[in-house]
Amino acid sequence: SLIILHSFWLEFILKILLRKFIIMQVNNEIIKKNIAQIEKKLPLLAEALREHEIQNIDFIEALSGDIIMTYCGLPLHSMQDPIEEAKKVYESVTSKNYNTLNVIFGLGIGYLFKRATMESKGVIVIYEPNLDILKAMLEVVDFSEELSNKNIFVVHELKHLRFIFF
C-alpha cells in the first residue's frame, strides 16, 4: 500500500515537472515564424508581442489527452475534449462561404481557430485582448501557415480592426 501511494505521488510530481518543462522549452522558431506573419499585417501587434512578458499561463491535460491552456488557473477550453468543443462551436456557424466574416473572440491554444481555418472560405478575425494568452499560444503552436493567408487577421485591440477593413 505504501509503495502504491509512493508511486502515485511520484507520477503526480513528474507530471507537474513535465508540464513546467514543456512551458520552459519554448520553441523560439515557432514564435518567430508566427510573429513574422502577424507583422506583415499588423506591425504594432508584432512589436507588442515581442516586448510582452507572459504571466499567469499554464498548460494542463484534458480528459481526452489534449493539452489546454489555463489563465490564472481557469481552463480556456473544455476539460473533457477541446477538439470536440471547437467542432461543435464551429458547426453552429450558419454560413461558411467567401462572404462570411468569422470573428473569434478569445483564442486559448487555438482549437477553434484551427477548425475555422479548415472549414471557412471567408475572412477570419481573431480578437484576443489578452497578450499573455496570445503570446503563449504563438510560442507553442505553429500557425504561421494559417496566419500567412490573406483572409486571416489577428488583433488584440478593437481599434486595430480599422487596419484590416479600411
*With sequence neighbours excluded, what pairs up with Glu157 under the side-chain hydrogen bond (donor to acceptor under 3.5 Å, both in side chains) test?*
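Testing Glu157 for side-chain hydrogen bond (donor to acceptor under 3.5 Å, both in side chains), a comparison that skips the adjacent residues, returns Lys159.
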
*Excluding sequence neighbours, so at least two apart, what forms side-chain hydrogen bond (donor to acceptor under 3.5 Å, both in side chains) with Asp132?*
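With neighbours one apart ignored, the set is His52.
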
If you take all heavy atoms of [X] and [Y], which pair is closest and at what distance?
X	Y	answer
Ala136	Ile57	CB-CG2, 3.7 Å
Pro82	Ser78	CD-O, 3.7 Å
Ala116	Ile104	CB-CD1, 4.0 Å
Ala48	Leu131	CB-CD1, 4.2 Å
Ile109	His77	N-NE2, 2.8 Å

*asked:* Tell me whether Leu63 shares a hydrophobic cluster with Tyr111, the cluster being built from Ile, Leu, Val, Met, Phe, Trp, Tyr side chains joined at under 4.5 Å.
replied: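 No, it is not one cluster - the side chains of Leu63 and Tyr111 are not joined through contacts under 4.5 Å.
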
*Spell out, yes or no, whether Ile54 and Ile38 are grouped together once hydrophobic residues are joined by side-chain heavy atoms under 4.5 Å, including indirect joins.*
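Yes.
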
Under 3.5 Å donor-acceptor pairs involving side-chain atoms of residues 140-150, not counting sequence neighbours:
unit_1: Asp142; atom_1: OD1; unit_2: Ser144; atom_2: N; d: 3.0
unit_1: Asp142; atom_1: OD1; unit_2: Ser144; atom_2: OG; d: 2.6
unit_1: Asp142; atom_1: OD2; unit_2: Lys33; atom_2: NZ; d: 2.8
unit_1: Glu146; atom_1: OE2; unit_2: Lys114; atom_2: NZ; d: 2.6
unit_1: Ser148; atom_1: OG; unit_2: Glu145; atom_2: O; d: 2.6
unit_1: Asn149; atom_1: ND2; unit_2: Glu146; atom_2: O; d: 3.4

*So do the side chains of Val125 and Leu101 get within less than 4.5 Å of each other, counting heavy atoms only?*
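They are in side-chain contact.
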
*Determine whether Thr100 and Val123 make a side-chain contact, defined as any pair of heavy atoms from C-beta on separated by less than 4.5 Å.*
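No, every pair of side-chain atoms sits at 4.5 Å or beyond.
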
*For His160, enumerate each residue passing the ring pair (Phe, Tyr, Trp, His ring centres under 6.0 Å) test, keeping only those at least two apart in sequence or located in another chain.*
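Counting only residues at least two positions away or on another chain, His160 forms a ring pair (Phe, Tyr, Trp, His ring centres under 6.0 Å) with His156, Phe163.
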
To the nearest 0.5 Å, how far apart are [atom1] in [X] and [atom2] in [Y]?
X	Y	atom1	atom2	value
Asn34	Lys135	CG	NZ	12.0 Å
Leu107	Leu138	CG	CG	7.0 Å
Lys32	Ile30	NZ	CD1	12.0 Å

_Between Glu39 and Arg50, does any NZ, NE, NH1 or NH2 come within less than 4.0 Å of an OD or OE carboxylate oxygen?_
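Salt bridge flag = yes for Glu39 with Arg50.
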
Taking only distance into account, with no hydrogens and no angle test, what donor-acceptor pairs under 3.5 Å do side-chain atoms of residues 66-74 form with protein atoms, sequence neighbours excluded?
unit_1: Asp66; atom_1: OD2; unit_2: Ser64; atom_2: OG; d: 2.7
unit_1: Thr70; atom_1: OG1; unit_2: Asp58; atom_2: O; d: 3.4
unit_1: Tyr71; atom_1: OH; unit_2: Asn130; atom_2: ND2; d: 3.3

_Using the salt bridge (Lys or Arg N to Asp or Glu O under 4.0 Å) criterion, which residues pair with Glu84? Sequence neighbours excluded._
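Glu84 satisfies salt bridge (Lys or Arg N to Asp or Glu O under 4.0 Å) with no other residue.
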
